[in-house]
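Residues take their numbers from the sequence shown, with the count starting at 1.
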Amino acid sequence: MLHFFLLLLLLLLIIFRNIWTSSNSQSLKGLLKEEDQTPSALELSHKSATFALLVSVNKNKFGKETLRGCSPHQLTSQNLILEPSPTANMMLGCRTRGFSFTRALLGISADELHLCGDPSAVPLIQEILKVTRDDIEYTMVQSYERLSPLVPLDVPVRSCSDIKTGDCIVTFSRRKIYKLKRHIENGGKHLCSVVYGSLPPETRTRQGLQATMFNDATNEFDVLVASDAIGMGLNLNISRIIFSTLKKFDGMEERDLTVPEVKQIAGRAGRFGSKFPDGEVTCMDVNDLPLLHASLKSPSPVLERAGLFPTFDLLFMYSRLHLTQSLYQILEHFEENAKLSSNYFITDCEAMLKVAAVVDELPLGLHDKFLFVTSPVDMNDDISSQGLIQFAQSYAKQGKVQLREIFTPGTLQVPQSQTALKELESIYKI
């Protein structure tokens with residue numbers, strides 16, 4: 001009899017649990033479905049160079065807006081985000097990072113996805129949506145005009161004596177940035193802030209440093225010398241953009257800036273809401289002016305393909321067919337044999353293969369190797385590569401990484417040379 005009552009009690013508990021789980025599941029689904037779709041006005045600032053896709057605001061049953069914006073690198077297919085908003089989606093075509101944007105577009109668990117960026121990406125995105133059978137009939141493409149004028153000048157800035165307050169001189173190497181900074185400051189009229197990609201984000205943007213010093217009208221730092229890093233995510237009080245050159249080294253070759261790159265950088269001048277109502281753009285070399293003017297007048301080339309890179313789950317299944325734990329061999333074979341539609345290309349795996357060759361020598365599982373391979377490390381930088389090796393070795397031995405075993409506290413010093421500065425920036429990245 002006792003066994004009977006115990007069995008009956010167990011059955012009742014199971015039934016109660018299933019009812020409770022089902023009820024909560026339906027509540028969650030109801031919460032996600034209760035939405036008030038209201039068009040949202042976005043103010044974007046590139047003339048004929050921005051669009052908004054699927055713009056709306058959702059509200060949950062408590063009346064609270066659930067709109068959230070974030071970059072593609074912050075998104076995963078497991079995130080439950082109603083309104084992700086990857087910006088600058090022209091990066092879909094980036095040979096090394098494009099897959100992050102594609103993964104966000106294809107894999108986000110969202111009722112709606114809002115994309116903002118250059119209209120050159122619209123045809124490709126619409127083609128991708130057709131294949132995935134999303135509700136493209138509800139897709140809205142809205143174009144926005146620049147809210148303040150941007151005037152390309154016909155005269156170059158030939159001398160640093162022509163630099164004035166609010167100017168931003170753009171060049172594409174650390175050495176040239178600091179050379180220009182010294183040259184301008186030696187004139188005795190201006191002090192310069194600097195912004196470039198290798199600087200820690202806190203140094204670029206934190207109150208009292210670099211970008212913020214330049215933006216502060218009461219601060220003596222009234223001129224900015226910067227790389228193309230100013231084109232992404234920084235709101236600056238720039239009156240005039242001055243290109244020191246229209247060529248840059250992209251890791252493969254020195255080439256002319258593309259039309260989107262010129263527009264993205266030039267568009268920083270006279271931003272709507274800044275203290276300069278009109279923006280101007282020019283060059284230091286008179287021979288660059290024709291390319292500058294042509295780029296600003298030209299539409300961006302239509303984006304033809306988006307980057308792809310397999311998730312770990314796909315690589316794991318692929319590895320089961322080849323009976324190997326060498327991530328280098330798996331990646332190399334996958335890259336060589338992957339067959340894609342005309343809308344995609346496989347991401348350049350050269351940097352990942354360099355990391356894979358290192359971690360394959362360590363007693364790590366395939367998933368741990370994958371995490372190291374997809375980490376943002378520059379294997380061409382001696383300090384960064386050595387840091388990754390030490391991280392991987394420590395993790396392989398102990399299952400964790402103690403930073404004190406890699407860095408000795410109190411040994412870092414203020415850099416006194418370009419070489420010391422570069423080394424400090426590399427250490428920060430680790």
Please name all residues satisfying side chain to side chain contact (heavy atoms under 4.5 Å, CB included) with Ser375, sequence neighbours left out, ordered by chain then number.
Val377, Leu388

Side chain to side chain contact (heavy atoms under 4.5 Å, CB included) partners of Lys247, counting only residues at least two apart
Thr245, Glu254, Asp256

Hey, what do you get for [atom1] ([X]) to [atom2] ([Y]), rounding to the nearest 0.5 Å?
X      : Y      : atom1 : atom2 : result
Leu246 : Met284 : CG    : CE    : 12.5 Å
Leu180 : Ile242 : CG    : CD1   : 10.0 Å
Cys94  : Phe101 : SG    : CZ    : 7.5 Å
Asp360 : Leu353 : CG    : CG    : 10.0 Å
Asp250 : Arg255 : CG    : CZ    : 4.5 Å
Ile383 : Asp378 : CD1   : CG    : 11.5 Å

Which pair of heavy atoms, one from [X] and one from [Y], lies closest together, and at what distance?
X      : Y      : answer
Ala269 : Glu280 : CB-O, 3.4 Å
Ser193 : Phe214 : OG-N, 3.8 Å
Ile163 : Arg240 : CA-NH2, 4.3 Å
Asn215 : Asn237 : OD1-N, 2.7 Å
Thr347 : Thr96  : CG2-O, 3.4 Å
Gly307 : Thr102 : O-OG1, 2.6 Å

Determine yes or no for a side-chain-to-main-chain donor-acceptor pair under 3.5 angstrom, with [X] supplying the side chain and [Y] the backbone.
X      : Y      : answer
Ser384 : Met379 : no
Lys369 : Gln325 : yes
Arg146 : Phe272 : no
Asp288 : Cys283 : no
Ser274 : Gly270 : no
Asp167 : Lys164 : yes
Ser385 : Asp381 : yes
Glu185 : Cys192 : yes

Determine whether more than 12 heavy atoms belonging to other residues, nucleotides or ligands lie under 6.0 Å from atom [atom1] of [X].
X      : atom1 : answer
Lys275 : NZ    : yes
Lys354 : NZ    : yes
Glu332 : CD    : yes
His183 : NE2   : no

The test is side-chain contact (heavy atoms from CB on, under 4.5 Å); show your working for Asp228 and Leu257 and say whether it passes.
CA-CA 10 Å; Asp228 49 352; Leu257 296 182; 5.8 Å; no

Is there a side-chain contact between [X] and [Y] (heavy atoms, below 4.5 Å)?
X      : Y      : answer
Thr324 : His333 : no
Leu296 : Val262 : yes
Ile230 : Ile241 : yes
Leu362 : Phe372 : no

Asp313 and Thr311 side chains, donor-acceptor separation under 3.5 Å:
no

Working for side-chain contact (heavy atoms from CB on, under 4.5 Å), residues Phe309 and Thr374:
CA-CA 10 Å; Phe309 186 73; Thr374 53; 4.2 Å; yes

Identify, with sequence neighbours excluded, every residue that meets side chain to side chain donor-acceptor pair (under 3.5 Å) alongside Glu127.
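Glu127: side chain to side chain donor-acceptor pair (under 3.5 Å) contacts with Lys130.
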
What pairs with Asp348 under side chain to side chain donor-acceptor pair (under 3.5 Å), at least two apart in sequence or on another chain?
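So Asp348 forms a side chain to side chain donor-acceptor pair (under 3.5 Å) with Arg95.
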
Tyr196 and Tyr178 aromatic ring geometry - parallel, tilted or perpendicular at 30°/60° bounds:
perpendicular

Residue pairs passing the ring pair (Phe, Tyr, Trp, His ring centres under 6.0 Å) test with at least one member in residues 343-369, sequence neighbours excluded, are Phe312-His367

Donor-acceptor pairs are to be reported for all side-chain atoms of residues 150-158 against protein atoms at under 3.5 Å, with residues two or more places apart or in another chain.
none

